[in-house]
**Student:** 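My questions all concern the structure below.
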Amino acid sequence: MEIIRSENLDKIYKDNGVPVQALKNINLTVKKGDHMVIAGPSGSGKTTLLNLLGALDKPTSGKIFFEGEDISKKTVKELSGLRLNKLGFIFQAYNLIPVLSAIENIEFSLMLQGKPEALRRKLSLNALRDLGIEELANKRPNEMSGGQQQRVAVARAIVNDPSVVLADEPTANLDTATGSNLLDLMDEMNRSKNITFLFSSHDPQVIERARILIRLRDGQIESVQTK
Amino acid sequence: MTKNLLINLAWRNIWRNKRRSAVVLSSIIVGVAAIISMDGLTNGMTYQRLFNQINLGTSHIQIHKTGYTDNRLVKNFIQGELQLKADILRLPGVKAVSERVVTFGLVSSAESSAGIYVYGVDHKAEKRVSAVSGLIKEGNYLSGAEREVVVGYELANKLNAGLGNKIILMANDPSGKIHSDVFRISGLFESFSSGFDKSYIFVNSNDLQNMLSLGNSYHELAIIVAEPSLAESLKGEIRSAVGSDFEVKTYRDILPILVMQIDLSRESMWIVNMIIGIALVFGIINVMLMTVIERIREFGVLMAIGLSTGKLFSLILLEALIIGLSGTIIGLVITGLIHIPFSYTGIDFSWFSEGLVSLGVGAVIYPVISYQTVLLTIIMTPMIAVAGAIYPAIKAIRLQPVAAIRHY
């Protein structure tokens, strides 16, 4: 089942008034259960592409279809609703809300969805349990290690059962062992729960786990490998 | 965890930078304290001035023969046989009535003389209408004994006369003839108004009536009612009771300038309050802008995970509302704790301004906080805090999630 499809996607930035082509003619499809990695050197357009596919940014031209619906023309409010209900995000720098505990960070998007408190609590505890960090429920981000914070970020991303989880360089701030453990967990979720993951990374650990590897260079797809 | 995570988040955000929140909270507390204290002092001053004027002789309602107040001629007297006092005392709401013989005269001692208003009063009735009997600092108030006079300290000093000394009073009778008589100072008073202390003397009414050949006639009926607010409604009833030969005036008619000053000072307080409010708005804009700039990345993340711009806007306003409400409550409690003892003891401004005494306020001011101002402060201050957060909140919702997440 197709979740995201891009057609002739272009993105042009202006850098001090000078147009810079960040992405050119990107066509790709993300399907349910995929474990896709967008790889490439710095400046190749990985994060830009992830942001476009994650409805965080709008393309200069081309179309993005989410579950068959063109999102290129959607309003800010509609895109916000799409991100809330259909997408999960994992950032390089964890980006947890510093004043909320681990469980509150996870609950936050459920609260925005209007789920009742008891259900929120149950789902959040389940997510923490799945990530093996139940004991961190009441800890705040500044009381956790980087690896623990990123696990909470993963729990936050999967708790509302999104169609796809987008992870932007999730291991960049972690040491190799911690990064590997986290990736193992995400692999396991992909396999056992059929959660769709779309990564952007140049970390070999991430790349070697990809079942679909898309290599970008200078804003264009250089190659697509399917394992 | 509270049921509403958004409120919880707003509350915790406020306290993530305790020093900054304490500064903005302090400015609100000081603003609230300034508004309430200014209101208390202004009310205290104006009410005291009015209260003092009423108590020193103006009373709540005065009745005179029609035309008397135009030139205060002695011949415009009220016939004693009319029994007006008894009729008025029967009206509900009337507490006390005093008949007064009032004239302008000249008082002389062996060394000096001064123009004064002479009040001839029935000492028993007058005690229920005016506060002068309670202001005696030396000697005694009128007792009904022959030719006793009560004068203010300032006048006694001017005449170089003291307790027990004789003074000569000269005044015109209704036909214009000048009469004089000798009075002995039985008491010296000191009021809240230096002007009153040097311009008014009090004698027994029958002495003045005899001196001016007035029989049992008098010039003024001074009335005290149960509540000052009743004065206006009772004025109509009294007017119908006494008829058109008499003029009935309330203290608002008699002291129009003072009443106007009170109204004016109330209105000017709104201008002061508005200035404080504007200062608060800018303080809050500054702090909330800093808060927004510091949290750009966090707002980007919140928007990325699905927080709508409407909810983000609400979150920032909610933080301002909580600060505004907390500051208002703390400010009111602190001001209340300071106000309560001062409302009993008063604040002594004698070291600061002698002008208060010449204004008839008194050196000690008892602050009076109006519930309207408290209510308005409770409503307006949090609204001002929210208003101050609108511009920073607009800045926040205009952020692009992608750019905001990259912000360091």
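Just so you know, these numbers use all the heavy atoms, side chains as well, and skip hydrogens, waters and symmetry mates. The chains referred to below are lettered A, B, ... by the order of the sequence lines, with proteins before strands, and numbering in each begins at 1.
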**Student:** Show your reasoning for whether salt bridge (charged side-chain N to carboxylate O under 4.0 Å, His left out) applies to Glu2(A) and Arg5(A).
**Tutor:** CA-CA 7 Å; Glu2(A) 174 191 297; Arg5(A) 177 164 49 90; 3.1 Å; yes
**Student:** How about Asp203(A) and Thr171(A): does a side-chain donor come under 3.5 Å of a side-chain acceptor?
**Tutor:**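 Note: Asp203(A) and Thr171(A) side chains meet the donor-acceptor criterion.
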**Student:** Would you check if the side chain of Ser80(A) reaches a backbone N or O of Val76(A) as a donor-acceptor pair within less than 3.5 Å?
**Tutor:**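 It does not hold such a pair.
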**Student:** As a quick check of understanding, evaluate side chain to side chain contact (heavy atoms under 4.5 Å, CB included) for Phe342(B) and Ile365(B), giving each step before the final call.
**Tutor:** CA-CA 9 Å; Phe342(B) 279 131; Ile365(B) 293 174; over 6 Å; no
**Student:** Are the side chains of Arg120(A) and Glu104(A) in touch, meaning some heavy atoms are under 4.5 Å apart?
**Tutor:**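 SC-SC contact between Arg120(A) and Glu104(A) ruled out.
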**Student:** Would you please go through residues 382-398 of chain B and name the residues with a non-hydrogen atom below 4.5 Å from one of chain A, in numerical order?
**Tutor:** none
**Student:** Can you name the salt bridge (charged side-chain N to carboxylate O under 4.0 Å, His left out) partners of Lys74(A), sequence neighbours left out?
**Tutor:**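 Lys74(A) satisfies salt bridge (charged side-chain N to carboxylate O under 4.0 Å, His left out) with Glu69(A) once adjacent residues are dropped.
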**Student:** Regarding Ser268(B) and Ser265(B), do their side chains bring together a donor and an acceptor under 3.5 Å, going by distance alone?
**Tutor:**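 On atom types as modelled, these side chains do not qualify, holding no pair under 3.5 Å.
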**Student:** If you tally heavy-atom pairs under 4.5 Å against chain B, which of Ile97(A), Val99(A), Leu87(A) wins?
**Tutor:**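 Looking at each of Ile97(A), Val99(A), Leu87(A) in turn, Val99(A) comes out on top.
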**Student:** Check whether the ring centres of Phe197(A) and Phe199(A) lie less than 6.0 Å apart, and answer yes or no.
**Tutor:**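 They qualify: ring centres under 6.0 Å apart.
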**Student:** Out of Leu119(A), Leu110(A), Asn105(A), which residue meets the side-chain contact (heavy atoms from CB on, under 4.5 Å) rule with Ser124(A)?
**Tutor:**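 It is Leu110(A), the one option of Leu119(A), Leu110(A), Asn105(A) that forms the side-chain contact (heavy atoms from CB on, under 4.5 Å) with Ser124(A).
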**Student:** Compute whether any side-chain donor of one residue and acceptor of the other, for Gln261(B) and Arg49(B), lie under 3.5 angstrom apart.
**Tutor:**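 Present: a donor and an acceptor within the cut-off.
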**Student:** Tell me, for Phe89(A) versus chain B, whether the close heavy atoms (under 4.5 Å) come from the side chain, the backbone, both or neither.
**Tutor:** side chain
**Student:** Using the rule given for salt bridge (charged side-chain N to carboxylate O under 4.0 Å, His left out), can you reason through Asp130(A) versus Lys193(A), listing the C-alpha separation, both sets of side-chain angles and the distance that settles it, and then say yes or no?
**Tutor:** CA-CA 11 Å; Asp130(A) 288 346; Lys193(A) 299 192 172 186; 2.4 Å; yes
**Student:** How long is the span from the CG atom in Leu9(A) to the CG atom in Leu23(A), to the nearest 0.5 Å?
**Tutor:** 6.5 Å
**Student:** Roughly how far, to the nearest 0.5 Å, is CZ of Arg295(B) from OG1 of Thr291(B)?
**Tutor:** 6.5 Å
**Student:** Could you please state which residues from residues 34-66 of chain A sit under 4.5 angstrom from chain B, measuring non-hydrogen atom to non-hydrogen atom, sorted by number, or 'none'?
**Tutor:**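 Listed by number, the contacting residues are Asn51(A), Leu56(A), Asp57(A).
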**Student:** Taking Asn95(A), Leu112(A), Asn85(A) one by one, which has the highest count of heavy-atom pairs under 4.5 Å against chain B?
**Tutor:** Asn95(A)
**Student:** Quick check: under 4.5 Å, non-hydrogen atoms only, which of residues 17-39 of chain B neighbour chain A?
**Tutor:**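 The residues closer than 4.5 Å to chain A amount to none at all.
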**Student:** Could you tell me the separation between the CG atom of Leu312(B) and the CG atom of Leu318(B), rounded to the nearest 0.5 Å?
**Tutor:**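 Those atoms lie 12.0 Å apart.
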